[in-house]
Amino acid sequence: MSTVEDKVERVTGVALKRGLFWPSFEIYGGVAGLYDIGPVGVRIKNRIVKLWRDIVIRENDDLVMEVETPIITPEAVLKASGHVDHFTDPVVECMQCHRVFRADHLVEEKLKINAEGLAVNELTQIISTNKIKCPYCDGELGPVTTFNLLFKTIIGPYSGSTGYMRPETAQGIFTSFKRVFESSRESLPLGIAQIGRVGRNEISPRQNLIRMRDFTIMELEFFFDTSQKRNIPWERVEKVKIKVLDLDMKRQGEKPNEYKPHELATSGKVLDEWMAYWMGVSQKFVEKLGIKNSYFEEKSPEERAHYSKQTFDLMVDINGTSVEISGIAYRGDYDLSAHMNATGKDLTVFKRYDTPKTIKKDIILIDKSKLIKAFGERGKSIIEKLSRMTKDELEGIVLSRKAVDDVIIAEYAIINQTEEKVSGERIVPHVIEPSFGVERCFYLSLINSFRIKENRNILSLPPEIAPFDLAVFPLLERQPLIDKSKELVRLVKDSGYEVFYDESGSIGKRYARADEIGIPLAITVDPQTLDDNTVTIRNRDTWEQVRVHVNNILMTLGELLHG
RNA sequence: GCGGCCGUCGUCUAGCCUGGACUAGGACGUCAGCCUUCCAAGCUGAUGAUCCCGGGUUCAAAUCCCGGCGGCCGCACCA
């Protein structure tokens with residue numbers, strides 16, 4: 001048995017036993033891809049979310065703010081965003097061996113034609129007229145059907161309208177972009193973050209919390225003006241180093257290269273400098289989860305989502321297997337433009353010039369009285385025709401000296417030159433999206449920090465994401481020690497620490513339990529405490545103890561947990 | 001959907017092939033008590049399983065047969 005499998009097995013065992021996570025709806029047999037997070041798990045998960053908020057939002061609070069939008073999303077929104085169409089894969093099943101294939105991919109492969117975007121019946125037609133057979137068993141293929149990864153529902157009673165569970169929180173951000181923009185600083189760059197649940201009806205969810213059907217996502221949509229000077233706070237990612245494997249390197253089988261974010265920005269490997277910044281921030285976050293072996297891997301055009309111009313997945317290496325913990329996508333103006341097209345609403349941003357530009361403009365006026373004098377009733381009908389034209393059409397007719405009803409309009413036009421002041425222009429911001437799956441962070445942190453020491457399970461979580469900051473134990477179940485311990489619990493709780501208290505069972509058992517859920521420190525009150533007011537502090541990873549006077553306990557905890 | 005493997009106390013499992021003394025055994029856990037001056041210690045007791053569900057064969061089914069449900073792994077798919 002490999003160590004990875006062994007580890008995963010032990011971690012899932014601990015998860016069940018200690019309340020980290022387990023399959024949902026177990027008493028009904030369970031449903032693949034749905035998981036409950038237990039009491040200890042929720043503590044860890046909440047701290048991971050807090051860590052993300054700290055690093056992505058709080059440290060960038062001059063750039064980023066957070067919103068919350070609904071899970072239920074009307075069909076029109078996801079139609080516009082491309083999810084209704086692109087989340088639906090055309091599939092075809094072999095009637096003989098029952099293998100399922102992507103119908104469009106199969107057609108493209110066999111006929112060397114572009115089959116993308118073809119309708120289901122078109123694909124069925126192509127497959128039957130070209131007698132395409134199952135590539136595995138040469139069996140007859142059935143009709144092309146679709147598989148949609150969106151969870152569908154109905155909004156409202158009666159027939160209602162179709163709705164979907166959001167597959168990403170991003171669309172709620174795009175659709176509310178204008179409001180957030182207007183209600184805040186009305187300037188770019190602007191990051192809008194959202195943490196929330198999403199649903200994706202995966203064909204086959206696997207690997208515990210790695211591929212779920214209903215999970216929590218932490219996303220940032222970072223809006224910026226491509227023509228504006230980038231003013232990037234590199235000092236916030238100064239200490240970060242990121243490993244990058246781009247497409248070329250991947251094709252040539254090379255190893256990832258290491259960069260500082262600002263170096264990557266000018267390396268030509270990223271579509272925009274901001275990409276490098278947010279990759280740096282993401283890297284910082286992953287390291288805070290205690291994960292050291294991570295690198296960014298560029299996705300090929302086929303692998304990318306429909307909205308993405310460039311995507312880097314943040315891969316985490318756990319005992320030799322790479323798992324995607326995050327993706328950073330350059331979405332361009334895809335989403336805002338799509339929603340503008342669909343709704344006709346203006347989602348552009350007015351970009352003010354530093355100094356207003358003056359533009360010389362020709363204003364064309366038609367001398368209507370001259371026309372009527374020259375042609376009478378015919379002139380009136382010409383005027384009517386001209387008035388129906390747009391400015392541009394009229395300009396074209398005048399400048400190219402074209403005739404309307406055999407009259408050269410230019411001869412009856414007056415061209416006035418005027419100056420117009422333009423103080424800015426309307427642009428559609430571009431978007432960079434770093435997004436993290438919370439449960440993946442949670443799960444990978446667990447696997448990553450899991451150790452076995454003397455056949456005991458230890459979760460060496462970084463203190464920041466541990467479920468409790470410390471445990472307090474009376475060494476023995478004696479009233480004076482219990483009283484003193486509870487006093488101590490009060491003291492540290494009042495200082496804001498999360499404390500785990502336990503008095504039953506042998507001390508060794510309690511230490512073991514604390515280690516297993518990753519509590520970094522354990523304070524033990526022993527008989528000596530009653531004499532000299534000192535306690536021992538035990539380290540989860542080394543099992544070493546130091547004796548500290550209770551008066552110094554808060555200071556010592558501060559050093560041990562944050563120092 | 002397909003293929004392989006699997007489904008017994010909270011957990012891990014014995015038993016299944018070869019049906020009967022299985023009233024389903026153990027270990028761990030949990031709880032209570034005793035003991036205990038620092039690492040899952042010891043002792044005592046308690047707790048806990050309609051053997052995944054339904055049907056069939058049989059005098060008799062956890063065990064054999066059929067169907068279903070669910071899980072894991074692989075395939076395909078995957079933001």
Side-chain angles (χ1 to χ4, degrees), chain A residues 5 8-10 12-19 22-23 25-33 81-83 86-87 89-103 105-106 134-137 139 142 145 147 149-150 166-168 170 198 200-208 210-211 213 215 217 219 299 302-308 311 313 324 326-329 331 433 435 437 453-458 473-478 481 504-516 522-531 535-540 543-545 547:
Chain A
E5 282 160 5
V8 166
E9 220 163 85
R10 287 186 86 134
T12 30
V14 171
L16 222 50
K17 195 164 58 170
R18 300 284 175 225
W22 52 73
F25 313 117
E26 270 183 301
I27 60 167
Y28 283 90
V31 181
S81 69
H83 286 90
H86 290 88
F87 242 47
D89 293 333
V91 290
V92 63
E93 186 178 335
C94 170
M95 307 303 276
Q96 194 171 297
C97 71
H98 298 288
R99 269 179 246 262
V100 175
F101 307 93
R102 271 288 289 270
H105 289 183
L106 197 63
C134 171
Y136 278 82
C137 73
T145 54
F147 184 80
L149 271 67
L150 293 171
R166 62 183 174 191
E168 55 174 6
V198 300
R200 300 175 182 186
N201 200 5
E202 297 286 349
I203 299 174
S204 59
R206 289 289 148 85
Q207 298 175 73
N208 290 310
I210 294 294
R211 211 147 101 211
R213 287 188 165 131
F215 57 101
I217 208 167
E219 289 185 310
K299 299 278 107 180
E302 310 84 69
E303 293 171 316
R304 288 200 296 259
H306 61 275
Y307 49 71
S308 169
T311 298
D313 278 350
E324 176 197 335
S326 164
I328 300 205
R331 299 179 78 130
E433 174 200 76
S435 81
K453 185 168 173 177
E454 292 173 23
N455 205 31
R456 272 163 49 168
N457 300 329
I458 300 174
F473 303 136
L475 180 63
L476 304 161
E477 255 182 289
R478 282 186 200 157
L481 297 183
S504 74
S506 76
I507 190 69
K509 204 176 249 186
R510 283 176 278 159
Y511 284 149
R513 251 198 289 246
D515 288 346
E516 207 167 48
I523 295 180
T524 303
V525 172
D526 56 23
Q528 192 185 328
T529 311
L530 302 176
D531 297 334
V535 292
T536 57
I537 301 180
R538 171 188 176 275
N539 181 296
R540 170 195 67 198
W543 296 357
E544 278 163 5
Q545 290 181 310
R547 191 164 272 278

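Letters go in sequence order (proteins before strands), and every chain restarts at 1. Keep in mind the model is a prediction, meaning the values are calculated, not measured.
Rounded to whole Å, the separation between the P atoms of B:G7 and B:C12 comes to 12 Å. B:A14 and B:A49: their C1' atoms are spaced 14 Å apart (whole Å). Comparing the same atom, C1', in B:G3 and in B:G19 gives a spacing of 31 Å after rounding to whole Å. One C1' atom belongs to B:A32, the other to B:C5, and the distance between them is 42 Å to the nearest Å. As rounded to the nearest Å, B:G55 and B:A60 have P atoms that lie 15 Å from one another. Distance check on atom C1': B:U44 versus B:A62 gives 32 Å, rounded to whole Å. Separating the P atom of B:C43 from that of B:C28 is a span of 9 Å, rounded to the nearest Å. The C1' atoms of B:A46 and B:U50 are separated by 23 Å, rounded to the nearest whole Å.
Separating the CZ atom of A:Phe473 from the C1' atom of B:U36 is a distance of 17 Å, rounded to the nearest angstrom. Between the CD atom of A:Glu168 and the C1' atom of B:C78 there is a distance of 15 Å, rounded to whole Å. Across the protein-nucleic acid pair, A:Leu481 atom CG and B:U36 atom P stand 14 Å apart, rounded to whole Å. Atoms CD1 (A:Ile217) and P (B:C78) sit 18 Å apart, rounded to a whole Å. For A:Glu477 and B:C34, the CD to P distance is 9 Å, given to the nearest whole Å. The distance between atom NE2 of A:His83 and atom P of B:C78, rounded to the nearest whole Å, is 14 Å. A straight line from CG of A:Leu16 to C1' of B:U30 spans 14 Å, rounded to a whole angstrom. With rounding to whole Å, A:Ile210 atom CD1 is found 16 Å from B:C73 atom C1'.
Expressed to the nearest 0.5 Å, how far CZ of A:Arg513 lies from CG of A:Asn457 amounts to 13.5 Å. Here CD of A:Glu324 is found 9.5 Å from OG1 of A:Thr311. Values are rounded to the nearest 0.5 Å. Here the straight-line distance linking atom OH of A:Tyr511 with atom CD1 of A:Ile458 works out to 13.5 Å at 0.5 Å rounding. Taking CD1 of A:Ile537 as the start and CZ of A:Arg547 as the end, the distance is 10.5 Å to the nearest 0.5 Å.
Among the protein residues, A:Glu26 comes within range of no part of the nucleic acid, since none of its heavy atoms lies under 4.0 Å from any strand. Contact annotation for A:Pro23: no contact, since no heavy-atom pair falls under 4.0 Å across all strands. Nucleic acid contact for A:Ala329: none, since no nucleic acid atom lies under 4.0 Å from a heavy atom of the residue.
The minimum heavy-atom distance linking A:Val198 with A:Ile217 is given by the pair CG1-CG2, 3.8 Å. Here the closest heavy-atom approach between residue A:Leu481 and residue A:Pro527 is recorded as CD2-N, 3.8 Å. For the pair A:Val535 and A:Thr529, the tightest heavy-atom approach, listed with the atom from each and the gap, is CG1-CG2, 3.7 Å. When all heavy atoms of A:Glu219 and A:Ser435 are compared, the closest pair comes out as CG-CB, 3.4 Å.
Stretches of at least 3 consecutive Watson-Crick or G-U wobble pairs, with each checked distance under 3.5 Å, appear in RNA chain B as B:1-7 with B:69-75, B:10-13 with B:25-28, B:29-34 with B:42-47, B:52-56 with B:64-68.
Nearest nucleotide to the A:Arg211 side chain, out of B:U11, B:C77, B:U37: B:C77.
A:His83 and A:His306 have perpendicular rings, their planes meeting at more than 60° on a 0 to 90° scale where under 30° would count as parallel.
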Atom pairs, protein N/O to nucleotides 38-43 of chain B N/O, distance under 3.5 Å:
unit_1 : atom_1 : unit_2   : atom_2 : d
B:C38  : O2     : A:Tyr511 : OH     : 2.6
B:C38  : O2     : A:Gln545 : NE2    : 2.8
B:C38  : N3     : A:Tyr511 : OH     : 3.3
B:C38  : N3     : A:Thr536 : OG1    : 3.4
B:C38  : N3     : A:Gln545 : NE2    : 3.0
B:C38  : N4     : A:Asp526 : OD2    : 2.8
B:C38  : N4     : A:Thr536 : OG1    : 2.9
B:C39  : O3'    : A:Arg456 : NH1    : 3.4
B:C39  : O2'    : A:Arg456 : NH1    : 3.1
B:C39  : O2     : A:Arg456 : NH1    : 3.4
B:C39  : O2     : A:Arg456 : NH2    : 2.7
B:C39  : O2     : A:Arg538 : NH2    : 3.3
B:C39  : N3     : A:Arg538 : NE     : 2.7
B:C39  : N3     : A:Arg538 : NH2    : 3.4
B:C39  : N4     : A:Arg538 : NE     : 3.2
B:C39  : N4     : A:Trp543 : O      : 2.9
B:A40  : N6     : A:Glu516 : OE2    : 3.0
B:A41  : OP2    : A:Ser506 : OG     : 3.1

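Mapping A:Pro167 and A:Leu476 onto RNA chain B by nearest heavy atom places A:Leu476 closer to the 5' end of the strand.
Under the side-chain contact (heavy atoms from CB on, under 4.5 Å) test applied with A:Glu516, the options A:Lys17, A:Arg456, A:Arg10 reduce to a single match, A:Lys17. The salt bridge (charged side-chain N to carboxylate O under 4.0 Å, His left out) test with A:Asp515 is passed by exactly one of A:Arg540, A:Arg538, A:Lys453: A:Arg538.
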